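All figures in this text were calculated on a predicted structure; none of them were measured in a lab. As a basis for the values below, the full set of heavy atoms in this structure was taken, side chains included, without hydrogen atoms, waters or symmetry mates.
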Amino acid sequence: LKSNFWRFPDPSYIIVKALFLAACALLAAETPAPQDAPRLRTLLASGSVVSVERIPHAKLVSVQLIASARGVAPTAATHGWRHLLEHLVLKGPSKDLPARLEAQGVFLTAETYRDFTRFSLEAAPERLPQAAEALRELLRPLQTSPEEISLEARILEEELALLPRSARLSRELWEAAFGPEGLDPVGSAEAISKATPKELENLRRRHFAAQNLVVAIAGNVSLEEATRLATAILPAEKDPFEPEAIRRAPLSGVELNSFEAKAAVAPRWADPRSAALLAAALALASEKGGCFVTYTPSVAPGLVILGPEKPNAGLSAWLAELRPHQVDGLFGRGRSLAEAWLSNRLESATEAAFLRGALYAQSAGATPEEFLENVRTLTLEEFRSAVHALQGGPSR
Amino acid sequence: MTALLTAAAALAMPSVTLLPEPRSPHVTVQAIVRLPKLDEAELMCARAAWASILEGTEEYSAHSLRAYAHQAGQPLVALAAGDHLLLRTVFPRDQIGTAFSMVDSILRRPLLLPESLDAALAALQVPRTDPWAAALDPSLWREAKPTREEVLGVYRRLVRPDNVVLAIGGSFDPSRLQAELARFEDWQPAPGGPRVRPWAARLAPAMRSPSHVETLELAGPEFLSSDPAFPIKLLSAAALGAGRASSLYRVAREKNGWSYRQEGFLQPTPGGFRLRLILAHAGQPPALELIEPLREGLRADVKAWTEVDRIRALGIARSWLRDGLGAPLIRLLPQERALASLEERTHLAAWWKIKFGSDLHGPAMAERLEKVTLEALREDALEAVERASARALVAER
């Protein structure tokens, strides 16, 4: 499974330094036990990050391994290799990892995004040790053969054929907006079929460099215990090279107005204009009906996309005919939708682990809270400007 | 709680299923309407009416229904499943009154305006654009001419207190709940209206894929929910079609590379259940030429099952029943992927009661599954695969 975007209703994040634990220890007798603290982020000496969040009402525990795509940007010749690697790694070194996990009630899935790859395990809370131990297998050297790659390339071709309409529209827009830096993470069948076991192992070593790795855990768990389990499976030392930051900039003079779906460049996660665009897109989608919205939280520039679920839905004309008072009337709804979207994600173990892990994998300083703050302090003028950008005009 | 349920039964109001989760920040209020066996035209009317119920009520405009739902960031949902209709709301727990007010209004006083119904009837005659969605629900009607009165008649015959189950899940105060449920005490069934003319619509399931991706399905014989072999059939569905080590996954994906996506599950029907094994396929050979190779591959795989396969199937079934994790073995809604959310677990609990006449008790069901032997599992799966009918949505190549 892979995807090049997060689709709504969907994402968010937080960054917390070691927090509350020390403070709690200093408080009086009625002070909650340390494990009652909500979150603990640990930056390991290797550069890897462990993020644990306690969600008392969660029915399941989510354990996620997220590998940043720093240093493994695709070229035309390697377009989709990370996606192929995800398929191969998922099986585990003995090729039966998902089956062994399923027998224990642990469910493993994976997705490749532009800025990271994630492996996600869901289980009942008492299965946390087994889920964490599975990560150790995912981090082992790749065991594969040309025959396995050939079979997997055929499966990937099948996957490419099944891409939903929203993903196809998104791919067009990203390539128009960012050129080669906007290549989708799904890949091309031709490039994928040319990968070799040795090249894939080289890619895996760079992609899974210690500095690129985050383990994010969320659920009704003990922060200390979960942190200990995650730390035990991550590398002890830094890799000898420092992965390059992800670089992406919109092409100058880019024109996105001629596409069936509408998009605007979200500067970066923490920029208020990104929050404004998301609020605007969600409000417009809810008003028009039959639309999708996509945005993958990224510390690099990305796209907020508003698209029609079905062809010939008249989205462009509808947007063009919006009157100023109608736009202003959507302001409150947009703000509540964006806030609810983020809050709901943070209440779900799987979504919270994903959001926090994905943001940590990109930057140690990014937090869901800063986005939430931007949503709450959104002004009408910022909202109007975002709607204008989605209508095809330049941001004002 | 018991008092609430008893009161519901005594007043002939909708029956009630509760899934309390006091620590949840949300409350979900749902209505489930049983779908009996309907003829083709009646089924179309039922689906058209249900597709229109969110287009406004006597108290709420379509716009305000959406606006209220947005407060929680969870859309209102009105969906048709194989054996029931589902209306679902999710709200912050302090807004249970809004949830009940909306459900009450939508069920009992929907506008069902002519233009909404016309649009819904038209939509049921248009092929789906997504090949997987088309495979999951290939229903398509032709020559549809039901009148508004016929549609309303079907709606009134179905949506009546004795055919509706209200399901409430999440965090709620029992005394507040009792007050909210009182809204339904005066619900008198409306006169049904004219019967639908059987020739008003004809069901003509899709045969062609809407894209170059084809789909192939093996559908096992229908069986009753009261079938004593139900535990065997449920576990058999897990071994055959659920997860990344099912027979379907091994044969269609790992051994032959025919398919990226494949799913197996039990589909509820008004008469019981049916096993469905579905795969999507875009390469060569065409899907029609894969029917017998798929059947033969599954047969060989099942014959080679060991305790490892039984234990894996048990692991999947236990997780689904007890924790709502993993692939749903019974697919209540067409696009359902997992049941871990509050609203999905509430839906399952209510549906289970309708289907089986008793509460879902995951651990007890899991115990029954543990008693299924490898031999029984193999025998059931082989019979299902051999007797399965095949359906392909073919593409123009």
Heavy atoms only, distances under 4.5 angstrom: which of A:A161, A:P98, A:A58, A:A124 has the most pairs with chain B? Name it, please.
A:A161
Under a 4.5 Å heavy-atom cutoff, which of A:E157, A:E287, A:K310, A:R165 has the most pairs with chain B?
A:E287
Between A:L108 and chain B, with a heavy-atom cut-off of 4.5 Å, which part of the residue counts as in contact: side chain, backbone, both or neither?
backbone
Engaged part of B:D309 at the chain A interface, taking heavy atoms whose separation is under 4.5 Å:
neither
Counting only non-hydrogen atoms closer than 4.5 Å, does B:L314 touch chain A with its backbone (N, CA, C, O), its side chain (CB onward), both, or neither?
neither
Under a 3.5 Å threshold, yes or no: a donor from one side chain and an acceptor from the other, between A:S150 and A:E147?
no
Does any donor atom in the side chain of B:S341 or B:E344 lie under 3.5 Å from an acceptor atom in the other side chain?
yes
Does A:E158 pair with B:R261 as a salt bridge, N-O distance under 4.0 Å?
no
May I ask you to say whether B:R312 pairs ionically with A:E102, meaning some side-chain N is under 4.0 Å from a carboxylate O?
yes
Taking every non-hydrogen pair under 4.5 Å, which of B:S246, B:A313, B:G257, B:A280 racks up the most with chain A?
B:G257
Choice from B:P22, B:A242, B:A317, B:P25 maximising heavy atom contacts with chain A below 4.5 Å:
B:P25
Over 12 foreign heavy atoms within 6.0 Å of NZ, A:K95:
yes
A cation-pi test, strictly: NZ or CZ of B:R93 under 6.0 Å from the centre of the six-membered ring of B:F172 and no more than 45 degrees from its axis. Yes or no?
no
